[in-house]
Number of protein chains: 2
Amino acid sequence: MAKRKRVLKWQRDPEGMRLRILEAAKQEFSAHGIGGARVDRIAQEAGANKRMLYYHVGNKEDLYLAVLEGAYEKIRAEERELDLEHLAPPEAIERLIDFTWNYFIKNPEFLALLNTENLAKAKNLKRSTKVKSMHSPFVEMIRDVVRRGVASGDFRVAVDPVQLYISIAALGFFYLSNSATLSVIFGRDLLAKEARDERLQHMVALVLAALTGKPMPSFAKDKAPKLRSAAHHTA
Amino acid sequence: MAKRKRVLKWQRDPEGMRLRILEAAKQEFSAHGIGGARVDRIAQEAGANKRMLYYHVGNKEDLYLAVLEGAYEKIRAEERELDLEHLAPPEAIERLIDFTWNYFIKNPEFLALLNTENLAKAKNLKRSTKVKSMHSPFVEMIRDVVRRGVASGDFRVAVDPVQLYISIAALGFFYLSNSATLSVIFGRDLLAKEARDERLQHMVALVLAALTGKPMPSFAKDKAPKLRSAAHHTA
DNA sequence: GGACAAATTAACCCGTTGGATAAATACTGT
DNA sequence: ACAGTATTTATCCAACGGGTTAATTTGTCC
């Protein structure tokens, strides 16, 4: 195939085109929000004509929703890969924190998209039957881990898994999502590798200390000089 | 005064006008972000002619920066009111969490503005000498509290005050800022009074348990039936 | 009671933007 | 090789949006 007789001005690639459009849209929406996103810029970035956006996906709103749904699909898919059942409760929690943290680091557009969607009071998410049907496996996973932890004596208390899930997400999300302003306020680069490692360690220490009651070995002191990067990088 | 001879079409009120403009701008920017904000809407909401915005404050960008600076001024002012020095370390931490939480609840535009500014990679904040000169008193306050806590034996570990500050902010900020999407995902209204109270209790329990090593009395169990609302509402 | 500046309004300008239309070009099956 | 359809390009446009210009009104100081 692809036996081009002459010089082809362009070649067909509907699937590829659609993907490039969605990728470009993801970048655009996550970089500028809904109101700041420019349809023309998406087209240009996708190496497409503006007409293609409407042909393959739809108008700006459809485009945004497709991006949002794609973002949720992706994280849900990765979440399913993680199985915490086979780990001892403390390790399971550490793994969960590590995964969440690294997912956020690797997918900064996801953070921005969530913020953007919340600015819109989740009005698009509410319309999306697709996203609403994608349940996160984490709540049940955490419920199980906590149950096991309490039974084994590793954990002292039965936390509400939803609260714990939100807290774990929060500790990483806020740090990363607001790293720009926080870096200015504190006068340090929170995204530097050292700072990120320190943050991960702090989060793990905080949550595990609360759950197990045992002080974490590596609970960071005031301005810890040098910290090994976390052990397991799962994602 | 105000002995209007005839029917006055309008009256002068430069200061009041400026305030109304800034208030309207705050609402607009926090509701729609930078790109989504509409200058005409700000004018209308402020009961002003569009020209007034440029006359009293400046263009859209100036308007946004003024709003951002005002937001930081306000929280810094309230932060200064809080003195943690006179409280026992655990109470000081609880008070800090309570204050932060309630400030966020009472000032939802602040959360939105921070998100918006981070979407812009803090480029406006960086230009603002005003904001950069407004140091938060919290880091030093926390440093002191932690020191005292370790000395008294209340706390087991010396946490980096910056990490702790970020964590405390994170636990509340993420929950509230993302309450719209999270409510959809979890199928519960996270802003309902009960849910908010439960969240505050969880945050306090989590942080204090990690610091003191003692399990909190009220560490919420899986779906706690009814929880007393938190004891001290400071702010 | 008028002059002069400050405050406010009304009207308009013009580049941008989301979206639409129609024509051109490439691929597919027969 | 040809018809028919799928895909892409080239324009167009009406509404919108930020910003400006000029005229109008109000307060204040002599």
Side-chain angles (χ1 to χ4, degrees), chain A residues 1-29 31-68 116 120 124, chain B residues 1-29 31-67 116 120 123-124:
Chain A
M1 43 216 81
K3 51 173 181 179
R4 52 185 68 178
K5 294 182 177 181
R6 305 263 172 79
V7 180
L8 297 184
K9 292 189 177 177
W10 47 267
Q11 25 180 340
R12 293 186 165 194
D13 182 14
E15 301 85 2
M17 177 65 94
R18 182 158 204 278
L19 290 182
R20 274 179 295 139
I21 289 172
L22 288 178
E23 177 61 28
K26 180 165 82 177
Q27 296 307 324
E28 181 70 11
F29 281 115
H32 304 285
I34 297 178
R38 290 294 166 259
V39 172
D40 299 81
R41 228 157 28 199
I42 295 175
Q44 185 180 2
E45 196 62 26
N49 186 285
K50 189 167 47 155
R51 178 71 177 77
M52 293 292 87
L53 311 190
Y54 296 90
Y55 182 75
H56 287 289
V57 187
N59 62 18
K60 191 179 178 181
E61 205 180 348
D62 298 334
L63 223 37
Y64 171 76
L65 186 58
V67 166
L68 187 65
T116 291
N124 303 284
Chain B
M1 45 216 77
K3 52 171 183 178
R4 51 182 70 177
K5 296 182 177 181
R6 306 264 169 77
V7 181
L8 294 185
K9 293 188 177 177
W10 46 269
Q11 27 181 338
R12 293 184 166 194
D13 182 14
E15 301 84 4
M17 177 66 94
R18 183 159 202 278
L19 290 181
R20 275 180 294 138
I21 288 173
L22 289 177
E23 177 60 29
K26 180 165 83 177
Q27 295 308 322
E28 181 70 13
F29 282 116
H32 303 285
I34 297 178
R38 292 292 167 261
V39 172
D40 299 80
R41 233 162 16 204
I42 294 175
Q44 185 180 3
E45 196 63 25
N49 185 285
K50 188 167 48 156
R51 179 70 177 76
M52 290 293 87
L53 311 191
Y54 296 88
Y55 183 74
H56 286 290
V57 187
N59 62 19
K60 192 179 179 182
E61 205 180 350
D62 298 332
L63 222 37
Y64 171 76
L65 186 57
V67 166
T116 290
K123 88 175 170 81
N124 303 284

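It should be emphasised that the depicted structure is a prediction, and the values quoted were computed from it without experimental measurement. In the text below, chain A, chain B and the rest are named by the order of the sequence lines, each starting its count at 1.
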Quick one: which protein N/O atoms are closer than 3.5 Å to N/O atoms of nucleotides 22-25 of chain C? Pair and distance per line, please.
from    : atom 1 : to    : atom 2 : distance (Å)
dT25(C) : OP1    : K9(A) : NZ     : 3.2

Write down the protein N/O and nucleotide N/O pairs, taken from nucleotides 14-18 of chain D, whose separation is under 3.5 Å; answer none if there are no such pairs.
from    : atom 1 : to     : atom 2 : distance (Å)
dG17(D) : OP1    : R38(B) : NE     : 2.7
dG17(D) : O5'    : R38(B) : NE     : 3.3
dG18(D) : OP1    : A37(B) : O      : 3.1
dG18(D) : OP1    : K60(B) : NZ     : 3.2
dG18(D) : OP2    : V39(B) : N      : 3.1
dG18(D) : OP2    : D40(B) : OD1    : 3.4
dG18(D) : N7     : K50(B) : NZ     : 3.1

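Per the geometry, CD1 belonging to I42(A) stands 8 Å off P belonging to dG18(C), to the nearest Å. Here dT8(D) presents its C1' atom at 5 Å from CE of M52(A), a figure rounded to the nearest Å. The separation between Y55(A) atom OH and dG19(C) atom C1' is 18 Å, rounded to whole Å. If you measure from atom CE of M17(A) to atom P of dA26(C), you get 14 Å, rounded to the nearest angstrom. To the nearest angstrom, C1' of dT17(C) lies 14 Å from CD of Q44(A). R41(A) has its CZ atom 7 Å from the P atom of dT17(C), to the nearest Å.
A salt bridge (charged side-chain N to carboxylate O under 4.0 Å, His left out) check over residues 11-25 of chain B, counting only residues at least two apart or in different chains, returns the pairs E23(B)-K26(B). Pairs of residues two or more places apart, or lying in two chains, that qualify as salt bridge (charged side-chain N to carboxylate O under 4.0 Å, His left out) and include a residue from residues 53-64 of chain A are E61(A)-R127(A). Listed by first and then second residue, the ring-ring contact (aromatic ring centres under 6.0 Å, His included) pairs involving residues 36-67 of chain B are F29(B)-Y64(B) (not counting sequence neighbours). The salt bridge (charged side-chain N to carboxylate O under 4.0 Å, His left out) pairs that include a residue from residues 32-44 of chain A are E28(A)-R41(A), D40(A)-K50(A), where partners are two or more places apart or lie in different chains.
Evaluation of atom-type donor-acceptor distances gives no pair under 3.5 Å for the side chain of D13(B) against the base of dA7(C).
Not counting sequence neighbours, Q44(B) has no partner by the side-chain hydrogen bond (donor to acceptor under 3.5 Å, both in side chains) test. Legend: residues meeting salt bridge (charged side-chain N to carboxylate O under 4.0 Å, His left out) with E45(B), ordered by chain and number and at least two apart, are absent.
Atom CG of L22(B) and atom CG of L63(B) lie 6.5 Å apart (nearest 0.5 Å). To the nearest 0.5 Å, atom OG1 of residue T116(A) and atom CG of residue L68(A) are 9.5 Å apart.
When the nearest nucleotides of DNA chain C are assigned to N49(B) and E15(B) by heavy-atom distance, the more 5′-ward of the two goes with E15(B).
Using a 4.0 Å cut-off, no side-chain N or O of H56(B) falls inside it from OP1 or OP2 of dA6(C).
Contact record, V57(B) with A66(B): CG1-CB, 4.1 Å, taken as the closest heavy-atom pair.
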